[in-house]
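In what follows, a single structure is set out as C-alpha cells and then discussed.
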Amino acid sequence: MRTFGGYVWADSPLHRAPAAAKLVGLVVGAALVLAVRGPITLAAALVAVAVLGVVSRVGWRRLLAPLWGMRWFLLVIVALNALLFSVSEPLFSLGPLRLTLPGIERGLLIAARTCLIVVLGAMLTATTTPQQVVHGVRELLKPLARLGVPTETAALAVGVTVQFVPTLLRESRQLMRAQELRCGGFAARGIMRRAVSYVRLLVPVFVCAVRRADELSRAMEARGYRVDRRRGATGERGCS
Amino acid sequence: MSQTKRVVIAAVCAALGVVLPMAFHALPGAGNVWLPMHIPVMICGLVAGPVAGAAAGVLAPVLSSLLTGMPAAPILPSMTCELVAYGLASGMLAHLVRTGRLAVDLYVSLVGAMIVGRLVGGALQALIFSQGTYSLAAWVSGYFVTGAPGIVLQLVVVVPIVAALERAGLVDARYPGKE
Amino acid sequence: MSLSYEGASGGRIAALDDVSLSLGPGVIGVMGQTGSGKTTLLEVMAGALPPDAGGMTFDGADALRGDGARRLRAAVGMVSQIPERQFFESTVEREMAFGLIARGMDADAARMRASEALSELGLNLDELAMRSPFSLSGGQQRRVAIASVLALRPKLLLLDEPTAGLDPRSRSACLDAVRMAGRSGATVIVASHDANALAAVADRVVVLERGCVTLDGSARELLGNAPLMREHGLEPACASRAATALRRAGLAVPGAPLTAEELATAIAEGRGLA
C-alpha cells in the first residue's frame, strides 16, 4: 500500500515551500512550458525542470512514473500530429493521412511539453500533503472573497473532500473484498454484464458516502453552521 | 434539502470522484474507458441540484489532479469544463423533467446531461484546447467509441443508486408516497 | 500462519504472527481488542487474503490452492462488520437471492432457503420481500444481511462483530441463529469483543493480541475467569464479574457462570436452595 496521494517523505526546499506558492508556481510553470516553441527553449525548459527535480529530492522514479502510465496517450499525440498536421511534402501518404516532417516535429514538441507539465505536477503531488494542498487552496481563494465569491464555503468543501478521500477509499476496497466473497469476482464478460457487476459496488459505496454526508451536515447544523450567514472562521453565527 | 447538506454532498461526491478511479482501477478497463469520475458528478447534480453538481464538477478533477496526479495537468482544464457542464446539466434537467416516474426522469436527465456535456467538451477542445489537430472524427471516436462502456455504465448504475438513496431516506424523494 | 502489511509511515506490521489453530464444528469465539488481528484472521480463513507464510487445510485438502481452495470458497460464508453496508438490490427478496443464485441455485429453491433463513432470525420473508432493504430499520437490516449468508448453509460460517450496535431484540435473534448454526454441524467463528455475546453462544474461545494467539480454551474456562480476562485487557462477561464480586463479598458461587440465568442458578445452589 503506497503512501496515499503519492506523497514522498523527504526534506527539500520544495517540501518546505508553502503550498499556495507551489500551486501558483505550477500554473506559471505550465504556462511557460506551453510557450516553448523551438528546440532551444525546449532545452532550457528541460534543464529547468530537471534542476527542480533534483532539488525536490523526490527521486526520478516517482517523477517519471506518470509518464510511463501515459505512454500510449503520448504516442497518439505524436501520431495524430505527424499524420494530420501538414500537407507539405509528405514522406508517405495514405488517403487523408500524410506523414510529414513538420508534423512529426510538432507532435514531438507537443508530447515534450505535455511530459514537462506532467512532471511538474508530479513534483507538486510528491512534495505536498493533502492537508497542505487544502491550506494552499484556501490561501489562494482569500482574495476572491472581496469579489463576493463564497470562499469560506469553497474552502469548507475542499476540506471535506480531502478529509473523506482516505476514508472512502478504505471503505470501497473493503466493500470490494466483501462483495467478492459474497458472489465471486467481477471479471464478467461483455459490457452489459460488467456494468451490472459494478452496480453491487457502486450502490453501497454511494449510500455509505451520502449517509456520511447526511450525518456531517446534521452535525454542522446542530452546531450553528449556516451556509449564507458565515463570515469567516471566527464570525458570530446566529442560532435560529 | 438544506444548503449545508448540498455543500457536503458536493464535497463527498467530489471525494468519490477522486476515489473511484483509484479503488476500482484494479478491475480491467482504464479510466478513459469506464469514466468513473463522471458518475459521482452526475449523481450529485441529480440529487443535490445544478450548483452542487457544478461544484462537484470542479472539485473532483482539480483535487484528484492535485492529490493523485490523475488526470494529468494538460487534460485537466478541458476535463474540468466538461465535468462542470455535466453537473450543471444533470441538475437542471433533474429539476425540469417531471414525468411522474423516477426512472424515466433520471434517464432523460442523464442522457440530456451527457449530450450537453459532450457538446461542451467537444466545442472547447476544438476552439481552445487542441486547435488544429481536432476534428469531428476525433470527437466522435474519443467520446462515443472509447467512452461507450462508460456511457453504458452510467445508464445502468445511476437509477439503482438514486433509488437506493431515496429509500434510505438520505435524499428527498422525487415522488413521495410511491414505493 | 503469518501475514503482515505496510504501516502508514513505512515498515512492516504483523497482522497475524505465527497463528496456528485447529477448528472443528461448533461455535468458536475469537476475542481481542481492535487491531489484534481478528478481522484479518477471518479474511484469511475465508480465502480472501493469502497469508505471507504458512498453510491452511479445509476438510483435509490444501485450502490455499487449486481444488481445495475452490471447495473452501464454495463452503464458506462470511458476514463482515456492518454487513448491511453491502446492500444494493431494490428489494429484500433480490438481496437475499443474490448470493444463492450466484452460486447456481434456481429461483424457487433460493426463495425457500431465503424464507427459512429469515425465519431463523425472527423475520418473515412474505412481509419484507418487496420492500427496499434500504428502508428497513437498522436491526432488521443486520438480520437480513446475516440471513442472506446463513441461507447459503455454509460449512464454515464466519461472523465479524455480528452484534455491534444492535437493539436487544435483534441481538438475541442473531445469537440464537448463531447457536443454531453451530448445533447443525457447521464450524462457526465469531469475532467479537463482546464477552456477553460470546458467553451466550461460544463453546470455545481464542484470544488474539497483536496478531498472536495468547489464550485458547473452552468458553467457560476463559470467559468465566474474570481476573484472567482483565489480565489480557478484555472485559469479562457480566455474569462472571458479578460472580467474582459476590465471592469477594463472601457469598459462595460455585462453578463459572457465564449468563444471568447460570448466575442465578449458581447462587441458589450455593445457598442450598436449588
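Chain letters run A, B, ... following the sequence lines, proteins first and then strands; every chain starts at 1. Quantities reported herein were computed from a predicted structural model and do not represent experimental measurements.
Between chain A and the options B/Val162, B/Val58, B/Ile161, B/Leu63, the largest number of non-hydrogen pairs under 4.5 Å is found for B/Ile161. When B/Val62, B/Val47, B/Val157 are compared by the number of non-hydrogen pairs under 4.5 Å with chain A, B/Val157 comes out ahead. Interface check for chain A: of the options B/Val7, B/Val8, B/Ile9, the most heavy-atom pairs under 4.5 Å are formed by B/Val8. The most heavy-atom pairs under 4.5 Å with chain B, out of A/Leu120, A/Leu216, A/Leu168, come from A/Leu168.
Contacts between A/Val210 and chain B at a heavy-atom distance below 4.5 Å involve backbone atoms as well as side-chain atoms. For B/Ile43, the part lying near chain A is the side chain, with the backbone staying farther off; criterion is any non-hydrogen pair under 4.5 Å. Of the two parts of B/Leu16, the backbone and the side chain both hold a non-hydrogen atom closer than 4.5 Å to a non-hydrogen atom of chain A. With a 4.5 Å cut-off on non-hydrogen atoms, B/Leu59 touches chain A through its side chain but not through its backbone. Residue A/Ala30: no heavy atom, backbone or side chain, is found under 4.5 Å from chain B.
Residues B/Leu165 and A/Val207 share a closest heavy-atom pair of CD2-CA, 3.8 Å. Across all their heavy atoms, A/Leu202 and B/Ile39 have their closest contact at CD1-CD1, 4.1 Å. Scanning both residues, A/Val165 and B/Val19, for their nearest heavy atoms gives O-CG2, 3.4 Å. For the pair A/Thr161 and B/Ala11, the tightest heavy-atom approach, listed with the atom from each and the gap, is OG1-O, 3.2 Å.
Remark: of the listed residues A/Arg218, A/Met220, A/Glu221, A/Glu221 is the sole one forming a side-chain contact (heavy atoms from CB on, under 4.5 Å) with B/Ser2.
Distance check: A/Phe206 CZ to B/Leu170 CG gives 13.0 Å after rounding to the nearest 0.5 Å. Taking OG1 from B/Thr4 and CG from A/Asp214, the interatomic distance works out to 11.5 Å, rounded to the nearest 0.5 Å. To the nearest 0.5 Å, atom CD of residue B/Gln3 and atom OG1 of residue A/Thr153 are 9.0 Å apart. Note: B/Leu66 CG to A/Thr125 OG1 = 8.5 Å, rounded to the nearest 0.5 Å.
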| message | As a quick check of understanding, evaluate side-chain contact (heavy atoms from CB on, under 4.5 Å) for A/Tyr198 and B/Val156, giving each step before the final call. | response | CA-CA 9 Å; A/Tyr198 270 100; B/Val156 168; over 6 Å; no
